[in-house]
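So the structure is just underneath, and the comments pick up after that.
Each chain gets a letter, A, B and so on, in the order its sequence line appears, and its residues count up from 1.
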2 protein chains.
Amino acid sequence: METRCENCIVRKFNSLRAMNKEELKQVSDAKVTKKFKKGDALFEEGEKLNGVYCVRDGVSKLSKLSANGKDQIVKLATTGEVMGQRAVIVEEPTNLSAVAVNDMEVCFVPKEIIVDSMHKNPDFTLEVLRHMAHDLKEADDVIVNMSQKTVKQRVAEAFLYLKNNYGVDEEGFLNLTLSREDIANVVGTATESCIRIISEFKKKGFLKTSGKRIGIVKEKELQSLIDGF
Amino acid sequence: METRCENCIVRKFNSLRAMNKEELKQVSDAKVTKKFKKGDALFEEGEKLNGVYCVRDGVSKLSKLSANGKDQIVKLATTGEVMGQRAVIVEEPTNLSAVAVNDMEVCFVPKEIIVDSMHKNPDFTLEVLRHMAHDLKEADDVIVNMSQKTVKQRVAEAFLYLKNNYGVDEEGFLNLTLSREDIANVVGTATESCIRIISEFKKKGFLKTSGKRIGIVKEKELQSLIDGF
DNA sequence: AACAAAACCTGACATATATCATGTTTTCTC
DNA sequence: GAGAAAACATGATATATGTCAGGTTTTGTT
């Protein structure tokens, strides 16, 4: 396992790539690598974060509890992504919970180092800003989808998202397997509705399943359904 | 009319407050003040922005067109807020349209100056970052509301939002008057549904109306409706 | 291998919300 | 101030989706 941040490939994909050697050394010296099992919580909504979490391996769901007791998954964070940045920047408790979707390896970086770099290195700050700007755009898109698309369309979209971002295995099943409940929480619907729609897609030959695993069979048909026939 | 940014109060509320004297002078020299009438578009989705828009007076709706031809209003930008920052940072066409909700006065600041400051002044960059982090949190909240709350709850929420952010006049009507269609587009519902809910609230004595103008009569009742009775 | 727990699935039903159609009121324009 | 256009309003109806309730299958644990 590579323990020096300077040599970590993961870094290439996130804002840490804008750090200079000295800063990276600091991060490397202060960081703590942690492992989480599938289902473990990295942090909970309302918690004060003392640093950020850089994903080395695995996927985490970032969710927010609603008044009626349902989780809404707002984002999936993957290898290379940094979690908790927002809360550290605004110095507020985090508004999201992070739970491991599969086994994870994560580097925890104390906030002092991040904050320090943000004050001194505009390139780094700007890089963080770019990432946040990207997230904000995605959030805007989600808002529009939520209000304007049907549940069926959003479920279809979720599968294409999973395919495009995590790929498929040799048998054609999605690499990232989410429970039906998680999919429902991404899409913002009831678990039963989600299951029903998956069944329908299966019946129509758009999808295939094998246990929890799901594979996309007719991508075009799914896409045209999303676009509104 | 105050034309020097250094003396502009509006600036106190946005990221420009982190600029130093020199930078402000640059902005002041380069900015162009523009006026827009109610209904005018400041910019359209997909347009390349050559700068940012700082709102001196009036309110603008930021919206995104969905596949089915409906506008979803993602945010209302008020005095002091800066629009178009996101697009300038990521150097992409803007994902949102901006239309004046009432008569507006806006300062256009060429992007070069903004970008330049972001490279040189970490305080400014950090301040922009803080604002974006705030917007992102709000967007997350909207996502959760969209998927977990009923239309009725969201309409009620919209009115409280308008009251808290824009206040009421002497007669108790909301200072910011939106059309029923705009409210529907904020909330993400059909105009007819929105109208029906307003009628219902009026019948129950929660709201009062006078033409387009709307006043909140029973705030507590609206709040408890939002919270789920 | 046996059992429990969790995840998945399906039916029946209720209901919130969209859609269409039509009429009224308000606002705008000349 | 008259006429046109836009905004507002309401009824009737269809339907997507949530909820409750009862199953089966899969997964995990000892």
Side-chain angles (χ1 to χ4, degrees), chain A residues 37-40 61 66-72 99 101-103 145-156 158 173 177-204 207-214 225-226 228-229, chain B residues 37-40 61 66-72 99 101-103 145-156 158 173 177-204 207-214 225-226 228-229:
Chain A
K37 285 245 144 93
K38 177 179 174 176
D40 287 352
K61 55 182 177 182
S66 72
N68 66 51
K70 261 192 187 167
D71 258 340
Q72 173 65 39
V99 173
V101 169
N102 42 36
D103 291 354
N145 277 347
M146 281 288 180
S147 76
Q148 311 284 14
K149 294 204 166 150
T150 64
V151 174
K152 209 174 286 185
Q153 289 175 310
R154 281 181 276 146
V155 171
F173 291 104
T177 300
L178 294 177
S179 70
R180 308 292 196 260
E181 187 182 1
D182 279 344
I183 299 170
N185 289 345
V186 167
V187 162
T189 189
T191 308
E192 297 94 322
S193 298
C194 180
I195 290 173
R196 242 183 276 272
I197 288 168
I198 292 172
S199 298
E200 187 193 327
F201 285 168
K202 217 168 98 180
K203 225 170 271 170
K204 286 187 178 161
L207 297 177
K208 63 178 176 182
T209 67
S210 164
K212 305 185 51 152
R213 294 191 307 160
I214 292 177
L225 195 155
I226 294 168
F229 316 117
Chain B
K37 284 245 146 98
K38 178 179 171 173
D40 287 352
K61 54 182 177 183
S66 73
N68 65 50
K70 260 192 186 166
D71 258 341
Q72 173 66 38
V99 172
V101 169
N102 43 34
D103 291 354
N145 277 346
M146 282 288 181
S147 75
Q148 310 285 15
K149 293 201 167 157
T150 65
V151 174
K152 209 174 285 185
Q153 289 175 310
R154 281 181 276 147
V155 171
F173 290 104
T177 300
L178 294 177
S179 71
R180 308 290 197 261
E181 188 182 0
D182 278 345
I183 298 170
N185 289 345
V186 166
V187 163
T189 188
T191 308
E192 297 96 321
S193 297
C194 181
I195 289 173
R196 243 184 274 271
I197 288 167
I198 292 172
S199 298
E200 187 193 326
F201 285 168
K202 218 167 97 180
K203 224 169 272 169
K204 286 187 178 163
L207 297 178
K208 62 179 176 181
T209 67
S210 163
K212 305 183 53 152
R213 294 190 306 159
I214 291 176
L225 195 154
I226 294 168
F229 318 115

Round to a whole Å and report the spacing from CZ of B/Phe201 to P of D/dT10. 15 Å
Between A/Thr177 and A/Lys212, is any side-chain donor less than 3.5 angstrom from a side-chain acceptor? no
Distance in angstrom units between B/Lys149 NZ and C/dT17 P, rounded: 13 Å
On DNA chain D, more 5' by nearest nucleotide between A/Ser210 and A/Ala190 is A/Ala190
For B/Asp103 and B/Lys38, indicate whether the former's side chain and the latter's backbone hold a donor-acceptor pair under 3.5 Å. yes
Taking all heavy atoms of A/Ala184 and all of A/Thr191, pick out the closest pair and write down the distance. CB-CA, 3.7 Å
Any A/Lys70 side-chain nitrogen or oxygen under 4.0 Å from OP1 or OP2 of D/dT19: yes
Protein-nucleotide distance (A/Lys202, atom NZ; C/dC8, atom P), rounded to Å: 12 Å
Contacts to DNA chain C from residues 192-200 of chain A, heavy-atom cutoff under 4.0 Å, which residues? A/Glu192, A/Ile195, A/Arg196, A/Ser199
Between B/Gly188 and A/Arg180, the residue closer to the 5' end of DNA chain C by nearest nucleotide is A/Arg180
Check B/Glu200 with B/Arg196, please: is the shortest side-chain N to carboxylate O separation under 4.0 Å? no
Checking the side chain of B/Ser210 only, and the main-chain atoms of B/Arg213 only, is there a donor and an acceptor separated by less than 3.5 Å? no
Distance check needed: D/dT17 C1' versus A/Gln148 CD, whole Å only. 17 Å
Look at atom NZ of B/Lys208 and say whether more than 12 heavy atoms of other residues, nucleotides or ligands are closer to it than 6.0 Å. yes
Taking every non-hydrogen atom, the tightest pair across A/Ile214 and A/Arg180: CD1-NH1, 3.6 Å
Grab the CG-P distance between A/Asp103 and D/dG28 for me, whole Å please. 11 Å
Provide, to the nearest angstrom, the distance between the CG atom belonging to B/Asn102 and the C1' atom belonging to C/dT27. 17 Å
By nearest atom, which of the nucleotides C/dT19, C/dT17, D/dC8 is closest to the B/Thr189 side chain? C/dT17
To the nearest Å, give me how far apart NZ (B/Lys212) and P (D/dA7) are. 7 Å
Whole-Å distance, A/Ile183 CD1 to C/dA7 C1', equals 12 Å
